[in-house]
Number of protein chains: 2
Amino acid sequence: MTPSQDLAPLQVTDSPEEKFREYLEIRGEKLTEPRRVLVNHIFNTHKHFDADELVADLRESGRRVSRSTVYRTLRLMVDAGLLRELRLTNRSAYEHSYGYPSHDHMHCTQCGAIVEFRNEEIRKLRELIGQEFGFRPDNHRFVITGQCSDCLKARGRRRKLDQI
Amino acid sequence: MTPSQDLAPLQVTDSPEEKFREYLEIRGEKLTEPRRVLVNHIFNTHKHFDADELVADLRESGRRVSRSTVYRTLRLMVDAGLLRELRLTNRSAYEHSYGYPSHDHMHCTQCGAIVEFRNEEIRKLRELIGQEFGFRPDNHRFVITGQCSDCLKARGRRRKLDQI
DNA sequence: TTGTGTGCAAAAGTTTTGCAGTTTT
DNA sequence: AAAACTGCAAAACTTTTGCACACAA
């Protein structure tokens with residue numbers, strides 16, 4: 001998994017499991033055992049992950065859920081507003097959306113690290129631009145790509161060595 | 001293809017083909033016939049496209065280039081700074097980068113339209129945030145998702161009909 | 001002539017789906 | 001009991017790669 005720097009969680013009244021149950025109930029769908037396992041596992045640690053890592057993680061911890069169910073449930077959780085989907089590479093990555101402040105990302109193109117940050121200006125900008133074009137924004141993704149501080153340091157070191 | 005709203009092109013001295021040749025020459029690589037066909041076809045019209053559409057377009061116009069070569073050349077053109085890769089869905093979309101001002105996108109989640117816009121604040125914000133985290137930005141992607149004006153109008157109409 | 005590139009077909013990688021059997025309400 | 005869900009295997013998609021032949025400098 002790529003390293004990730006975290007923000008402080010928000011206070012929420014419902015647990016993710018409750019929130020998921022509500023979403024499913026409204027649509028006449030069911031909070032089954034595999035779905036409970038998934039929602040709890042996912043919200044147990046705060047990190048970015050993809051479908052494959054999730055399957056592997058679960059398998060390791062003995063609570064096996066099939067790949068199909070993982071994919072189906074991830075989609076549900078995105079629709080339910082519990083998760084957000086990030087498309088930084090060919091495979092989709094996911095992160096907590098529920099109980100976590102809205103934020104954006106810096107993506108290190110060298111080591112793959114994902115660093116989160118919060119900035120209020122972006123949301124204002126998004127509304128402003130939407131108005132200008134008669135577009136109704138419901139979300140946004142802002143990803144800054146470049147090199148993270150660790151890689152910059154490492155590169156500095158390498159440069160010095162090169163000079164010897 | 002998804003509709004797209006365009007900005008005015010920039011003035012550039014080299015043609016995309018020239019620019020591509022330069023890039024390839026530096027690396028001891030060659031501007032072959034299929035690569036010329038691709039670079040010219042792509043810069044002939046300004047629109048967002050994906051690998052599949054490109055293959056189909058070319059086939060239709062009689063200038064057939066194999067799928068492998070299309071994929072390989074797209075990667076080269078991105079590296080050469082001619083194209084930018086967008087990951088809005090599972091398949092990568094591409095747009096002109098060379099000879100076209102830097103800009104960002106609104107993506108309509110209903111009809112898939114891509115609307116381009118230019119806003120200077122975003123770049124400033126990106127530098128500011130980079131500084132704050134010791135991150136060296138080299139690029140960014142800012143995508144506002146929501147509903148475009150056309151879909152909002154259509155929805156308005158549908159709502160009225162629903163009330164009858 | 002010596003790489004480098006192309007096309008094909010096959011593989012690899014990610015995600016979706018049909019279906020038979022199972023679980024949930 | 002009815003409806004929804006799961007796991008499996010197979011399929012669907014997108015993208016990459018090995019290889020024999022072709023081409024460009």
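Each chain gets a letter, A, B and so on, in the order its sequence line appears, and its residues count up from 1. Heavy-atom basis, side chains included; hydrogens, waters and symmetry copies ignored.
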For this session: Using whole Å, report how far CG of D50(A) lies from P of dT15(C).
Result: 7 Å
Exercise. Y23(B) and R27(B): side-chain donor and acceptor closer than 3.5 Å?
Worked result: yes
Exercise. Should we say atom CZ of R75(B) is surrounded by more than 12 heavy atoms from elsewhere, each under 6.0 Å from it?
Worked result: no
Exercise. To the nearest angstrom, how far is R64(A) atom CZ from dG7(D) atom P?
Worked result: 7 Å
Exercise. Take atom CZ in R36(A); do more than 12 heavy atoms of anything else shown fall under 6.0 Å from it?
Worked result: yes
Problem set entry | Rounded interatomic separation in angstrom, taking CG from L24(A) and P from dT25(C) | 10 Å
Exercise. Are R35(B) and dT6(C) close enough that a side-chain N or O sits under 4.0 Å from OP1 or OP2?
Worked result: yes
For this session: Measure the distance from CZ on R63(B) to C1' on dT6(C) and round it to the nearest whole Å.
Result: 18 Å
Nucleotide N/O of nucleotides 16-19 of chain C paired with protein N/O under 3.5 Å:
| unit_1 | atom_1 | unit_2 | atom_2 | d |
| --- | --- | --- | --- | --- |
| dT16(C) | OP1 | R75(A) | NH2 | 3.0 |
| dT17(C) | O4 | S68(A) | OG | 3.2 |

Exercise. Side-chain N or O of T69(A) less than 4.0 angstrom from OP1 or OP2 on dG7(D)?
Worked result: yes
Exercise. Could you give the CD-to-C1' distance, from E33(B) to dT4(C), as a whole number of Å?
Worked result: 16 Å
Seminar exercise, completed: Taken to the nearest whole Å, CZ/R27(B) to P/dG5(C) is 11 Å
For this session: Run the ring-centre check on H105(A) versus F142(A) and record whether the distance is less than 6.0 Å.
Result: no
Exercise. Please give, in whole Å, the distance from dT25(C) P to L31(A) CG?
Worked result: 8 Å
Exercise. Can you find a side chain N or O atom of R87(B) that sits less than 4.0 Å from OP1 or OP2 on dT14(C)?
Worked result: no
Problem set entry | Ring geometry between F117(B) and F133(A) (parallel below 30°, tilted from 30 to 60°, perpendicular above 60°) | tilted
Problem set entry | Rounded interatomic separation in angstrom, taking CZ from R91(A) and P from dT15(D) | 15 Å
Exercise. Any salt bridge between K19(B) and E22(B), counting N to O under 4.0 Å?
Worked result: no
Exercise. Can you name the side chain to side chain contact (heavy atoms under 4.5 Å, CB included) partners of R72(B), sequence neighbours left out?
Worked result: S68(B), T69(B)
